[in-house]
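Below: the structure, in structure tokens.
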Amino acid sequence: MSEILIQSVDVVLTMDDQRRKLEGADIRLKDGVIAEIGTQLETHGSIVNGRGSVVTPGLINTHHHLYQNLTRAVPGAQDALLFGWLQRLYPIWSAFTPDDMHVSAQLGLAELALSGCTLTSDHLYLYPNGSRLEDTIHAARDIGLRFQPTRGAMSIGESAGGLPPDSLVEKEEDILNDMIRVVDAFHDPAEGSMCRVSLAPCSPFSVSRELMRDSAILARDKGVMLHTHLAENDEDIAYSLSQFGCRPGQYAEDLGWTGPDVWHAHCVKLDAGEIDLFQRTKTGVAHCPCSNCRLGSGIAPVRAMRDAGVPVALGVDGSASNDMASLIAEARQAMLLQRVMQGADAMSAYEALEIATRGGAEVLGRPDVGQLAVGKRADIAIWDVTAIASSGSWDPAAMLLAGPTQVKHLFVEGRQVVRDGMLTTLDLPTLIERHQSAARRLMALG
């Protein structure tokens, strides 16, 4: 692999152990890793001009449902709370094909890349009409992003008291067998891995206690991580109390769903005891501020979590509940919501950006990414701070206060995925047309 030198960067936000902020620095990339950071570096490879730019680690997304961007702004779901929103969309999702899953994942990954994301998780928990997890894995290879797909599942349909229609649930034996299949086929635990698979029963109201417990046992046997939704809103808490006789945190702990190999999405309604539990066990949280606002779920206690030592990352969530998938916008929203709750000094622009980078790496168990330091993987976002959004800013590195919302250049494993604001790996206009065509077919079905 050829060398690349990113030269004369205005500001490098390293997010390294010292949280260094370097001015006028160069970064040399070689063989997919950061080989050198300094000034007046030399290379025999290509040179990228860093003047007028802020460079950050690639942003990391820890919760998404890529398939959902085929159902953005659906009438009847636009103003619904979580459970009603799901009941409106489940019948539409049941018509998805493997091609729908693939094109939707391609478009969602492209959208993430343009927002500065280099590593994303995805939670796929329904498999209609022959869809499989690899429909999304192949899409990530097409786009060039580092990927952490999760083999989700639903096993309790309407006839058994669950929310999803029976047509979208699977037998639990089949779920566990397919979890084994995809881990064996696609999971790469090595440093610098481009694909790590996790196990992710959808939620406490769509699978049994037995599947939650069996998934945890299987994940630890296979050495992979666990993911699910937890404590998302008041309906979620009420369901847990009525069905399980305990709060979600206790439910998770009882079934083996706490620990550094577990991360939960949302956690809007965690109480002080649950925050303490997550801190003691180093259980991670994927904070999804835009989705939580969109569904009226509330504001997660991120300040309290971080002060306690809970690992917190960001997630854009599915494009049907967020409608847009921008990691940089998510970081800004996270910062603003904590300020709404606790005052203007509750979270700085730099802390929110740290959550979006190093925080995501910690939650996903990836110490090889999320920071710019020698030996770390070459996942790098370069942001143009000479345009209108940053004009007049006294501190261009405080990008979440005044700065770009789209990345200029993006490197993943030292390969350029975005160049001058354009995707390099796929023809985006053609992809959008294919995606729009699939959406029109679903609209016609109702």
Side-chain angles (χ1 to χ4, degrees), residues 61-72 89-113 117 119-155 164-165 167-171 174-188 193-202 206 215 224-225 227 315-320 325 412 417 423 425-428 430-442 445:
N61 178 39
T62 60
H63 185 65
H64 205 342
H65 308 291
L66 286 165
Y67 75 91
Q68 290 182 5
N69 61 43
L70 281 169
T71 51
R72 290 169 161 165
L89 292 171
Y90 279 143
I92 303 172
W93 294 337
S94 68
F96 274 43
T97 66
D99 284 344
D100 292 333
M101 292 293 188
H102 184 252
V103 73
S104 186
Q106 283 184 322
L107 187 121
L109 292 160
E111 185 179 19
L112 287 170
C117 177
L119 164 61
T120 182
S121 171
D122 183 50
H123 190 183
L124 183 59
Y125 54 82
L126 46 82
Y127 299 86
N129 306 308
S131 300
R132 301 198 298 176
L133 187 67
E134 49 261 49
D135 299 328
T136 63
I137 293 172
H138 295 153
R141 290 176 181 170
D142 297 338
I143 300 297
L145 290 198
R146 213 178 288 279
F147 199 37
Q148 190 141 340
T150 69
R151 205 306 181 178
M154 297 189 294
S155 64
S167 63
L168 281 179
V169 302
E170 302 172 90
K171 294 180 180 178
D174 293 340
I175 291 167
L176 291 167
N177 285 334
D178 198 58
M179 286 177 170
I180 294 169
R181 180 188 71 84
V182 295
V183 170
D184 289 347
F186 300 107
H187 178 68
D188 178 7
S193 167
M194 293 298 290
C195 183
R196 290 188 181 175
V197 178
S198 301
L199 306 185
C202 181
S206 60
S215 297
V224 300
M225 295 187 72
H227 182 53
V316 300
D317 204 4
S319 298
V412 182
V417 174
L423 194 69
T425 49
L426 282 182
D427 181 69
L428 190 56
T430 300
L431 173 57
I432 291 171
E433 177 51 40
R434 289 173 50 225
H435 187 262
Q436 288 278 50
S437 178
R440 287 192 292 268
R441 178 182 59 80
L442 292 168
L445 295 174

**Request:** Take Met101 and Leu124, measure what side-chain contact (heavy atoms from CB on, under 4.5 Å) needs, and give me the verdict at the end.
**Result:** CA-CA 9 Å; Met101 292 293 188; Leu124 183 59; 3.9 Å; yes
**Request:** Check Arg434 against His102 and note the closest heavy-atom contact, atom names and distance.
**Result:** NH2-ND1, 4.2 Å
**Message:** How close do Ala439 and Leu70 get, counting heavy atoms only, and between which atoms?
**Reply:** N-CD2, 3.7 Å
**Asked** Do the non-hydrogen side-chain atoms of Asp135 and Asp99 ever get within less than 4.5 Å of each other?
**Response** no
**Asked** Could you go step by step and tell me if Arg181 and Glu134 meet the salt bridge (charged side-chain N to carboxylate O under 4.0 Å, His left out) rule?
**Response** CA-CA 11 Å; Arg181 180 188 71 84; Glu134 49 261 49; 3.0 Å; yes
**Item:** Val316 and Leu112: CA distance, side-chain angles, deciding distance, side-chain contact (heavy atoms from CB on, under 4.5 Å) verdict
**Value:** CA-CA 9 Å; Val316 300; Leu112 287 170; 4.2 Å; yes
**Message:** Measuring from atom CZ of Arg141 to atom CD of Gln106, what distance do you get when rounded to the nearest 0.5 angstrom?
**Reply:** 13.0 Å
**Item:** Heavy-atom check, side chain of Ser215 versus side chain of His227, under 4.5 Å
**Value:** no
**Asked** What distance do Leu428 atom CG and Glu111 atom CD have between them, rounded to the nearest 0.5 Å?
**Response** 10.0 Å
**Request:** Spell out, as yes or no, whether a donor-acceptor pair under 3.5 Å connects the side chain of Ser94 to the backbone of Pro91.
**Result:** yes
**Prompt:** If you look at every heavy atom in Pro164 and Val169, which pair is closest and at what distance?
**Reply:** CG-CG1, 3.9 Å
**Prompt:** Counting distance only, does the side-chain N/O of Ser319 pair as donor-acceptor with the main-chain N or O of Arg72 below 3.5 Å?
**Reply:** no
**Request:** Please examine the side chains of Phe147 and Ile137, heavy atoms only from C-beta on, and report whether any two atoms are closer than 4.5 Å.
**Result:** yes
**Prompt:** Of the non-hydrogen atoms in Leu109 and Leu145, which two are nearest, and what is the gap between them?
**Reply:** O-CD1, 3.6 Å
**Item:** Backbone of Ala320 reached by a side-chain donor or acceptor of Asn69 within 3.5 Å
**Value:** no
**Message:** Could you check whether any side-chain N or O of Asp100 sits under 3.5 Å from a backbone N or O of Thr97, counting only pairs where one atom can act as donor and the other as acceptor?
**Reply:** yes
**Message:** Let's go through Lys171 and Ser155 carefully: what are the C-alpha distance in whole Å and the side-chain angles of both, what is the deciding distance for side-chain contact (heavy atoms from CB on, under 4.5 Å) to 0.1 Å, and is it a yes or a no?
**Reply:** CA-CA 6 Å; Lys171 294 180 180 178; Ser155 64; over 6 Å; no
**Prompt:** What's the shortest heavy-atom distance between Ile92 and Leu442, and which atoms?
**Reply:** O-CD2, 4.2 Å
**Prompt:** Should Arg132 and Glu170 count as an ion pair when the cut-off is N to O under 4.0 Å?
**Reply:** no
**Asked** Rounded to the nearest 0.5 Å, how far does CD1 of Ile180 lie from CD1 of Ile175?
**Response** 12.5 Å
**Item:** Min side-chain heavy-atom separation Gln68-Trp93 under 4.5 Å
**Value:** yes
**Sidechain-backbone polar pair: Ser121 side chain, Gln148 backbone, donor-acceptor under 3.5 Å** = yes
**Request:** Grab the two heavy atoms, one from Met179 and one from Ala200, that are nearest each other, plus how far apart they are.
**Result:** CE-N, 4.3 Å
**Message:** Less than 4.5 Å apart, side chain to side chain, heavy atoms only: is that true for Leu199 and Thr150?
**Reply:** no
**Request:** Take Phe96 and Leu126 through the test side-chain contact (heavy atoms from CB on, under 4.5 Å) and record every step on the way to the result.
**Result:** CA-CA 10 Å; Phe96 274 43; Leu126 46 82; 5.7 Å; no
**Message:** So Leu107 and Ile432, do their side chains get closer than 4.5 Å, heavy atoms only?
**Reply:** yes
**Prompt:** Is Ser104 reaching over with its side chain to a backbone N or O of Leu66, donor-acceptor style, under 3.5 angstrom?
**Reply:** yes
**Message:** Pair His64, His123 - check ring pair (Phe, Tyr, Trp, His ring centres under 6.0 Å), show working.
**Reply:** CA-CA 6 Å; His64 205 342; His123 190 183; over 10 Å; no
**Message:** Using the rule salt bridge (Lys or Arg N to Asp or Glu O under 4.0 Å), only one of Asp184, Asp122, Asp178 pairs with Arg151; which is it?
**Reply:** Asp178
